[in-house]
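Below, read A as the first sequence line, B as the second, and so on, with proteins coming before strands; counting in each chain starts at 1.
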Amino acid sequence: MKAIVDCNSFYCSCERLFRPQLDDKPVVVLSNNDGCIVSRSDEAKAAGIAMAVPYFMAKDIIAIHKVATFSSNYNLYGDMSWRVMETLRIMLGVANVEVYSVDEAFLDLGEEGTNDWEKIGLHIRQTVEQWTGIKVSVGIAPTKVLSKVANHLAKKNKIATQCVVVLDTQEKINTALQDTPVKEVWGVGRQYAKKLSDMYAVFTAYDLSRKSPEWANKNLGGVVGTRLVKELRGESVQVMEKELTVKRMIATTRMFGHTVKSKEAIKEAIATYTSKAAEKLRRQYSAANIISIFVVAKGQDHNIDFRHGESIGSHITLPVATSSTHELIKPAVALVDRIFVEGTQYKKAGVMLSGLVPDATIQGNLFTEEKHNGKRLLMSMVDNVNFAMRNDVIKFAASGTTRNWKMRMEMRSPRYTSRWDELYEIS
DNA sequence: TCTGGGGTCCTAGGACCC
DNA sequence: TCTGGGGTCCTAGGACCC
């Protein structure tokens, strides 16, 4: 059996840990730049605040219902996430926990059919809450996709289910699938949901489970759809990812706090994002072959995908893969000259590193001097100092010092669990 | 006036190789 | 007039996830 453990309104729950007076009050957390609402407590949902709405559009309803509002505090959420995952690893063994996202993990519960899955689910939920203070929902079923369905039902019905739903018989599975609109199935997004209902009269997860894998192969994106239907029918084809996987692409992209029209400011931002991306790169012991940048002008769709849109992006393939900030910054900043247009107001920029390889086995280049991924040791020291002291104590001059393009973050709570000078105080 | 920031997998088609 | 049969690698683009 597989389980998925999903933290309830994760970012809001983290904020409440240190403000228990907010426990039964509406709470929301905003995205970077205080742009949209990305996490809502049940009370905020009940007040009618939708997911992902722009903050400025929700301000009225927030005021009316006195909703506690926070900027996102990723240091806090990251640390709490680690505590939750560590609890699961201690309970089930490292090999049986697959961290799926900051607030979700799949568990492998083994195959014995005699287990009391409800009891196991409840025990997991209670232990995580007791050890970390974070409330979770647990879905248990024969496959990953079905466990997601179970989890969905647990969250929809917290009181009756005690946040644990088990689908261990075909009967329970069928009932659950009939209660689930097809668009809520994991792997069915907006496009497929529309196609399924408009063209094939598939409205519920149950309808989809009645289709054959061959049908899915033809009409639902090939092998992806095939796997999806098989999982809905109880055949486990999505295996647990046992090993820590390294990322194949690393991106750092941000909206600016205000629009920016000076080329120098754009270059500072690109240099800063490159430093951030390079840190992520070194954290997973990778080096990058390709560096891409993009900018988004004021009028353009801010959601534009950084891999597309030739006109605003540019990339360069490096002669030799590297993870050194200084070797990445120079070409990244040079790319700004290619795409910057004088007189344009920009609102967003980003850097993306790809063509990633392990930094221990970098392919040399016949035509360049061998440098051994220059200054790897120096970079490690910079990373260590920045980690131990404070973000960006040491930075590259190209990143600038004024940074008037930096994003807004006006309502962030203290980093209670990861900064000595921001510890929770009891008076 | 103000709308996030990351990631994944898969497929089709073109270039190129023998 | 006729014109093989495999491969691989890369890129662009489409879908999805949180």
May I have the distance from [X] (atom [atom1]) to [N] (atom [atom2]), rounded to whole angstrom?
X: A:Glu184; N: C:dC16; atom1: CD; atom2: C1'; value: 16 Å
X: A:Lys347; N: B:dG4; atom1: NZ; atom2: P; value: 7 Å
X: A:Phe56; N: B:dG4; atom1: CZ; atom2: C1'; value: 14 Å
X: A:Met255; N: B:dC2; atom1: CE; atom2: P; value: 9 Å
X: A:Phe10; N: C:dC18; atom1: CZ; atom2: C1'; value: 12 Å
X: A:Lys155; N: C:dC18; atom1: NZ; atom2: C1'; value: 11 Å
X: A:Asn289; N: C:dT11; atom1: CG; atom2: C1'; value: 16 Å
X: A:Lys183; N: C:dC16; atom1: NZ; atom2: C1'; value: 16 Å

Is any side-chain N or O of [X] closer than 4.0 Å to OP1 or OP2 of [N]?
X: A:Arg227; N: B:dC9; value: no
X: A:Lys148; N: C:dC17; value: no
X: A:Ser31; N: B:dG5; value: no

May I ask you to say what [X] touches in the nucleic acid, namely base, sugar-phosphate or nothing, with a heavy-atom cut-off under 4.0 Å?
X: A:Val102; result: nothing
X: A:Val99; result: nothing
X: A:Asp103; result: sugar-phosphate
X: A:Ile250; result: sugar-phosphate
X: A:Gly187; result: sugar-phosphate
X: A:Asn33; result: nothing
X: A:Ser72; result: nothing

As a test of reading the structure: which of [options] is closest to the side chain of [X], going by heavy atoms?
X: A:Val223; options: B:dG4, B:dG7, B:dC10; value: B:dC10
X: A:Arg254; options: B:dG6, B:dG7, C:dC17; value: B:dG6
X: A:Lys280; options: B:dC9, B:dG7, B:dT3; value: B:dG7
X: A:Trp186; options: B:dT8, C:dC17, B:dG5; value: C:dC17
X: A:Cys36; options: B:dC9, B:dG7, B:dG4; value: B:dG4

Does the pair A:Lys2 and A:Glu231 meet the rule for a salt bridge (Lys or Arg N to Asp or Glu O under 4.0 Å), with working shown? CA-CA 12 Å; A:Lys2 306 279 191 292; A:Glu231 288 252 326; over 6 Å; no

Residues [X] and [Y] bridged, charged N to O under 4.0 Å:
X: A:Asp42; Y: A:Lys158; answer: yes
X: A:Arg89; Y: A:Glu86; answer: yes
X: A:Glu43; Y: A:Arg16; answer: yes

**Prompt:** Does a side chain donor of either A:Glu15 or A:Tyr77 reach within less than 3.5 Å of an acceptor in the other side chain?
**Reply:** yes

Ring-plane angle category for A:Phe106 and A:Tyr100, please: parallel below 30°, perpendicular beyond 60°, tilted otherwise. perpendicular

Margin query: Over 60° means perpendicular and under 30° means parallel, so tell me whether A:Tyr11 and A:Tyr74 are parallel, tilted or perpendicular.
Written below: perpendicular

Discussion item. Within the structure provided, determine whether A:Met80 and A:Cys7 are in side-chain contact (heavy-atom separation under 4.5 Å).
Written reply: no

Determine whether a donor-acceptor pair (N or O, by modelled atom type, separation under 3.5 Å) exists between the side chain of [X] and the backbone of [Y].
X: A:Asn151; Y: A:Ile4; result: yes
X: A:Thr69; Y: A:Val67; result: yes
X: A:Asn73; Y: A:Pro414; result: yes

Nearest heavy-atom approach of A:Ala332 to A:Ile291 is CB-CD1, 3.4 Å

Of all heavy-atom pairs linking A:Val229 and A:Pro213, the shortest is CG1-N, 4.1 Å

**Asked** Given the P atoms of B:dT3 and C:dC18, what is the spacing between them in whole Å?
**Response** 25 Å

Note: contacts of residues 189-219 of chain A with DNA chain C (heavy atom, under 4.0 Å) are A:Gly189, A:Arg190, A:Gln191, A:Tyr192

In numerical order, the residues of residues 230-238 of chain A whose heavy atoms come under 4.0 Å of DNA chain C are none

Assign each of A:Gly222 and A:Tyr11 the nucleotide of DNA chain B bearing its closest heavy atom; nearer the 5' end lies the nucleotide of A:Tyr11

Using a cut-off of 6.0 Å, state whether more than 12 heavy atoms not belonging to A:Lys280 lie near its atom NZ. yes

Those stems involving DNA chain B that have three or more consecutive Watson-Crick or G-U pairs, both distances under 3.5 Å, are B:5-18 with C:5-18

